[in-house]
Amino acid sequence: MPVLVFDLDDTLYPELTYVHSGFQAVAAMLAERTGTDANTLVREMLMTEATQGRGKVFNEVLRTHGCLSAGMVHACLRTYRQHTPTLHLHPDAERCLTRFADWPLYLVTDGHKGVQARKVAALGLFERMRHAYITNRYGAHRAKPSPYCFEQICRREQVPPAQVLYVGDNPSKDFVGIRPLGFRTVRIRRGNYAHLPHAASHAAEHEIDSLDELTEDFLTTLFQS
Ligand SMILES: [Mg+2]
């Protein structure tokens, strides 16, 4: 039976909601120390994110409130990474996972092990997937574009790559490592990389704008070709 594999961030849920959930956790931690209420701190962080980028947010909020130090930056990062996020699947992702609930479903995601595991748990995906591969658990060199976790899925399901479809959003790494091996690939155009141009070598076999386009008919045709 064909196997469906999904990327996590921006494919199944909007990654920015994780970032903002993390800002709220950091704001709650900083509220007492700065004597500023958490909602105000969140607004400041969102403003910095919008104008200077995500990487500057903790430094800026600490500087504004006179408590910038390496230790405090570290405390913010730890709070951000260890917080239990509140996340929701994209509505079309919810429908897609329901539609194919009887199929073998997998997740392959890069990123910090603990952070990714908390995202998967918050979205209830451990229960809906046959297995969630967090590539970092197998070493940094197994991150995409490494085909390692995809080959594990083939072994586990006893299917060739041509019977395994990966749905991802990032053309810089999601398809280039596996498509040459015969894996099937679909790019969903949304999130940070929706408009990222890419070389032909990095393209997916198909591009879609919504997971609603992954119908049984579409997949039947794909896996027969
Ligand atoms: Mg992604």
Side-chain angles (χ1 to χ4, degrees), residues 3-23 49 53-55 80-81 83 85-97 100 105-126 128-153 161 164-181 183-199 201-214:
V3 177
L4 297 185
V5 187
F6 296 90
D7 166 57
L8 180 62
D9 297 303
D10 282 333
T11 296
L12 293 182
Y13 84 101
E15 202 227 345
L16 212 50
T17 59
Y18 175 81
V19 176
H20 294 169
S21 168
F23 288 176
E49 184 204 14
R54 209 184 284 181
Y80 180 88
R81 289 189 179 139
H83 90 285
T86 304
L87 304 173
H88 302 283
L89 291 171
H90 276 299
D92 61 321
E94 175 62 49
R95 289 190 291 272
C96 183
L97 296 182
F100 296 106
L105 302 180
Y106 287 86
L107 204 67
V108 173
T109 177
D110 290 344
H112 186 286
K113 282 181 275 202
V115 167
Q116 296 310 95
R118 278 184 280 280
K119 290 174 181 174
V120 175
L123 290 164
L125 292 176
F126 282 122
R128 299 177 81 171
M129 301 281 165
R130 213 160 262 191
H131 189 70
Y133 282 95
I134 297 172
T135 60
N136 240 308
R137 284 187 177 153
Y138 307 92
H141 63 300
R142 308 290 200 201
K144 293 177 280 184
S146 164
Y148 177 80
C149 290
F150 298 91
E151 287 167 340
Q152 296 300 308
I153 293 170
V164 178
L165 169 65
Y166 189 50
V167 184
D169 68 298
N170 186 347
S172 65
K173 66 176 184 179
D174 283 347
F175 318 115
V176 62
I178 55 172
R179 193 174 171 195
L181 302 178
F183 287 90
R184 318 310 292 267
T185 51
V186 167
R187 172 188 180 187
I188 178 145
R189 283 180 298 238
R190 66 178 164 207
N192 258 337
Y193 310 108
H195 305 290
L196 189 73
H198 56 80
S201 60
H202 287 62
E205 195 175 341
H206 296 277
E207 298 199 353
I208 57 176
D209 294 305
S210 161
L211 294 174
D212 291 334
E213 293 172 56
L214 293 184

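Given the structure is predicted, the values throughout are model-derived calculations rather than measurements. Whatever order the structure lists ligands and atoms in, that order sets their numbers, starting from 1.
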Would you kindly check if the NZ (Lys) or CZ (Arg) of Lys119 is within the cone defined by 45 degrees around the ring axis of Tyr13 and under 6.0 Å from the six-membered ring centre?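 No, cation not above the ring by the 6.0 Å, 45° rule.
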Return yes when at least one N/O/S atom of [X] is nearer than 2.8 Å to the Mg ion (ligand 1), and no when none is.
{"X": "Asp174", "result": "no"}
{"X": "Glu15", "result": "no"}
{"X": "Asp9", "result": "yes"}

Starting from the Mg ion (ligand 1), look over the N/O/S atoms of Asp169 and name the nearest one. OD1
Provide the atom name of the closest N, O or S atom of Asp7 relative to the Mg ion (ligand 1). OD2
Students often mix this up, so state it plainly: with edges at 30° and 60°, are the rings of Phe23 and Tyr80 parallel, tilted or perpendicular? tilted
With the threshold set at 4.0 Å, does a side-chain nitrogen-carboxylate oxygen contact exist between Arg184 and Glu205?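 Looking at Arg184 and Glu205, the cut-off is met.
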Is any NZ, NE, NH1 or NH2 atom of the basic residue among Arg190 and Asp169 found under 4.0 Å from an Asp or Glu carboxylate oxygen of the other? no
Assess whether side-chain contact (heavy atoms from CB on, under 4.5 Å) is satisfied between Arg130 and Val3, documenting all intermediate values. CA-CA 10 Å; Arg130 213 160 262 191; Val3 177; over 6 Å; no
